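Read the structure below first, then the notes.
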Amino acid sequence: MTVRLSFENGTVRVDTDDLPVDSLADLPGVEVDPRSGTARAPAYRYAFLRAVLGERGADVEDTVRSTALDRSLSTDYDLRDYQRDALDAWHDAGDRGVLELPTGSGKTVIAVAAIADLSVPTLVVVPTIDLLEQWRAELEAEFDVSIGQFGGGEQIQEGITVSTYDSAYLRADEVGGDFGLVVFDEVHHLGGEGYQDIARLLAAPARLGLTATFERPDGAHEAITKLVGPKVYDVAVDDLAGEHLAPYDIKRVEVELTPAERERYDEAQGTFVDYLRTSGLSLRSGSDYQKLVMRSGNDPRAREALLAKQRARDIMLNADEKVRELADILARHREDRVIVFTAHTNLVYRLSERFLIPAITNETGAKERREILDRFRSGEYSRVVTANVLDEGVDVPDANVAVVLSGSGSEREFTQRLGRILRPKADGGRALLYEVVSSETAEENIASRRR
DNA sequence: TTGACTCAACATCCTTTGCTACAA
DNA sequence: TTGTAGGTTTCCATGTTGAGTCA
């Protein structure tokens with residue numbers, strides 16, 4: 001029999017003249033719409049569909065992927081051993097899957113090699129404009145071809161196109177048939193409810209996901225596994241520390257709440273715990289917490305409990321003693337390059353004023369941000385204080401000391417922050433991360449969760 | 001082109017043990 | 001016997017981003 005495949009609005013349309021349309025429903029992922037009499041599958045099933053039709057010996061007329069590159073690509077990169085192993089593992093898995101490698105280990109290089117190996121139209125999807133520009137520059141330099149861009153005010157498609165997740169989400173149903181390979185940088189973002197659609201609407205058979213932390217606390221990496229492929233290779237920070245990344249130490253510093261803070265903390269935390277006890281609600285996972293949040297919508301006591309929890313968090317994460325501890329640390333590291341991380345922007349501004357350190361938050365405009373980072377890079381500034389802005393997706397000049405004054409329980413956040421000081425040092429020196437924790441508060445739990 | 005604004009989406013948010021129903 | 005998940009349909013607050021709009 002002859003089967004025609006074509007791309008239509010994020011789906012692969014399946015037509016045949018030889019058989020009734022209902023008989024196509026036994027193909028993988030194919031559903032028949034009785035009203036229009038058409039059969040279609042989600043675009044991401046395209047490769048599988050081709051494989052099954054091949055097995056059945058069907059004659060396939062395929063117009064799904066209408067474009068090709070006008071020449072094959074090559075790269076001059078010399079892959080390191082682990083990069084080569086990662087690339088091989090991905091090829092062995094049928095050009096599908098996720099590579100988990102630490103920040104600074106050269107994930108881009110592997111992707112460039114993969115793009116060259118396949119030499120098919122490629123879409124690279126990244127979370128921020130900053131990364132979009134970095135990738136674009138890198139690809140232009142390496143392949144000497146013009147690179148398309150979706151996002152940041154441009155909508156230009158080329159053989160290789162770099163896109164933000166947001167723009168990819170907006171364009172995928174339209175251009176989803178044009179690519180043979182899709183690279184998802186920071187692929188953990190793809191677990192987001194909406195972003196998963198990007199991968200569903202693309203027909204690209206080859207899929208590469210890159211991340212430093214694949215697993216998500218909400219379990220959405222399972223969905224990513226379905227859409228991109230399983231994790232096929234990983235290497236830990238500790239495997240590379242010493243040779244390709246700087247060796248490092250983590251120093252945990254405990255500080256006490258002041259008596260006044262302690263009183264307010266115990267009161268607020270007590271309100272929260274009391275509510276849990278009397279309401280019969282048990283918190284064992286993030287979803288239990290979500291239930292509490294929902295309940296707070298129409299239960300004033302639940303709402304009060306949550307607000308009290310919020311107050312308790314504020315007190316322990318922004319404790320006065322942390323500021324004093326930071327003064328000590330900064331005095332000890334006068335000659336070093338230091339990045340200070342917090343969980344709240346208020347504290348960022350407080351520290352910025354107190355220690356005269358340039359601050360970067362979400363309120364810092366792009367121009368000012370670039371200026372600060374440039375000066376940090378040149379050595380004019382030796383310190384920067386920030387909340388979460390510099391965690392990911394920004395090219396941050398290297399430092400050798402990080403101070404995590406406060407943060408969340410997210411393993412990802414911690415890994416990213418640590419990654420900021422791991423670029424190998426010219427003198428072979430060690431990097432140092434301070435983790436400052438308020439003792440005898442829930443922050444001890446938070447701190448143990450992230451490691 | 002720039003800047004200020006709004007909006008939608010995403011991420012984190014977790015006590016200290018005990019109950020129940022159900023699946024493996 | 002042992003292990004594991006748990007109410008259904010939106011959301012207390014804070015931080016961050018990209019897209020879109022308008023002057």
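What you are looking at is a predicted structure, and each value in this text was computed from that prediction instead of being measured. Note: hydrogens, waters and symmetry copies are ignored here, and every other heavy atom, side chains too, is used.
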**Message:** Under 4.0 Å, heavy atoms only, any strand: does N362(A) hit a base, just the sugar-phosphate, or nothing?
**Reply:** base

**Prompt:** Rounded to whole angstrom units, what separation is found between the CD atom of E363(A) and the P atom of dT6(B)?
**Reply:** 13 Å

**Request:** Report which part of the nucleic acid Q155(A) touches: base, sugar-phosphate, or nothing (heavy-atom distance under 4.0 Å, all strands).
**Result:** nothing

Name the atoms and distances for all side-chain donor-acceptor pairs under 3.5 Å in residues 152-160 of chain A, with sequence neighbours left out.
from    : atom 1 : to      : atom 2 : distance (Å)
Q155(A) : OE1    : R171(A) : NH1    : 2.6
Q157(A) : NE2    : D178(A) : OD2    : 3.0

**Fill in**
On DNA chain C, more 5' by nearest nucleotide between R303(A) and T164(A) is R303(A)

**Request:** Under a 3.5 Å limit for both distances, which nucleotide forms a Watson-Crick or G-U wobble pair with dT2(B), could you say?
**Result:** dA23(C)

**Asked** Is the shortest side-chain N to carboxylate O distance from R262(A) to D266(A) below 4.0 Å?
**Response** yes

**Asked** If we take the P atom in both dG7(C) and dT16(B), what is their distance in whole Å?
**Response** 23 Å

**Request:** Indicate whether the side chain of E363(A) and that of Y349(A) have a donor and an acceptor atom separated by less than 3.5 Å.
**Result:** yes

**Item:** Protein proximity profile, nucleotides 18-24 of chain B - base contact B, sugar-phosphate-only contact S, no contact -, cut-off 4.0 Å on heavy atoms
**Value:** BB-----

**Request:** Evaluate the ring planes of Y165(A) and Y195(A), with Trp represented by its six-membered ring, and classify them as parallel (under 30°), tilted (30 to 60°) or perpendicular (over 60°).
**Result:** tilted

**Prompt:** How about F184(A) and H189(A): are their ring centres within less than 6.0 Å of each other?
**Reply:** no

**Request:** Mind checking R369(A) for me? I need base, sugar-phosphate or nothing, with any heavy atom below 4.0 Å counting as a touch.
**Result:** sugar-phosphate

**Span that lies between the C1' atom of dG18(B) and that of dT4(C), in whole angstrom** = 15 Å

**Complete:** Between D166(A) and D314(A), whichever has its closest DNA chain C nucleotide further toward 5' is D314(A)

**Prompt:** Counting any heavy atom closer than 4.0 Å, what does V389(A) reach on the DNA or RNA strands: base, sugar-phosphate only, or nothing?
**Reply:** sugar-phosphate

**Message:** Students often get this wrong, so: under 4.0 angstrom with heavy atoms, is A343(A) touching a base, only sugar-phosphate, or nothing?
**Reply:** sugar-phosphate

**Message:** Base, sugar-phosphate or nothing for Y165(A)? Non-hydrogen atoms, less than 4.0 Å.
**Reply:** nothing

**Prompt:** With nearest nucleotides of DNA chain B determined for K367(A) and R277(A) from heavy-atom distances, which residue corresponds to the more 5′ nucleotide?
**Reply:** K367(A)

N/O contacts under 3.5 Å, protein versus nucleotides 10-12 of chain B?
from    : atom 1 : to      : atom 2 : distance (Å)
dC10(B) : OP1    : G194(A) : N      : 2.6
dC10(B) : OP1    : Y195(A) : N      : 3.3
dA11(B) : OP1    : R216(A) : NH1    : 2.7
dA11(B) : OP2    : R216(A) : NH2    : 3.1
dT12(B) : OP1    : S410(A) : OG     : 3.3

**Prompt:** How long is the span from the CD atom in E443(A) to the OH atom in Y265(A), to the nearest 0.5 Å?
**Reply:** 9.0 Å

**Message:** Can you confirm whether the side chains of Y434(A) and D328(A) place a donor and an acceptor under 3.5 Å from each other?
**Reply:** no

**Where chain A begins and ends its contact with DNA chain C, read 5' to 3' at 4.0 Å from heavy atoms** = dG6(C) to dG20(C)

**Request:** With P as the reference atom in both, quote the distance from dT17(B) to dC11(C) in angstrom, rounded to an integer.
**Result:** 33 Å

**Message:** Heavy atoms only, 4.0 Å cut-off, all strands: where does G153(A) land among base, sugar-phosphate and nothing?
**Reply:** nothing

**Fill in**
salt bridge (charged side-chain N to carboxylate O under 4.0 Å, His left out) pairs touching residues 207-221 of chain A, sequence neighbours excluded, are R216(A)-D218(A)

**Prompt:** Taking atom C1' in both dT12(B) and dT9(C), what distance in whole Å separates the two?
**Reply:** 23 Å

**Message:** Looking at R369(A) and D374(A), is there a salt bridge between them, counting it only when a charged N and a carboxylate O are closer than 4.0 Å?
**Reply:** no

**Assigned glycosidic conformation for dT8(C) [threshold 90° from 0]** = anti

**Request:** Describe the nucleic acid contact of I129(A) in one word from base, sugar-phosphate, nothing, applying a heavy-atom distance below 4.0 Å.
**Result:** sugar-phosphate

**Item:** Nearest heavy-atom neighbours spanning R200(A) and Q196(A)
**Value:** NH2-OE1, 2.9 Å

**Message:** Looking at R430(A) and D249(A), is there a salt bridge between them, counting it only when a charged N and a carboxylate O are closer than 4.0 Å?
**Reply:** yes

**Prompt:** Partners of R449(A) by salt bridge (charged side-chain N to carboxylate O under 4.0 Å, His left out), sequence neighbours excluded?
**Reply:** none

**Nearest-angstrom distance, C1' atom, dA11(B) to dT8(C)** = 24 Å

**Prompt:** Is there side-chain contact between T161(A) and T122(A), with at least one heavy-atom pair below 4.5 Å?
**Reply:** no

**Request:** Whole angstrom is fine here: how far is it from CD in E443(A) over to P in dT15(B)?
**Result:** 12 Å

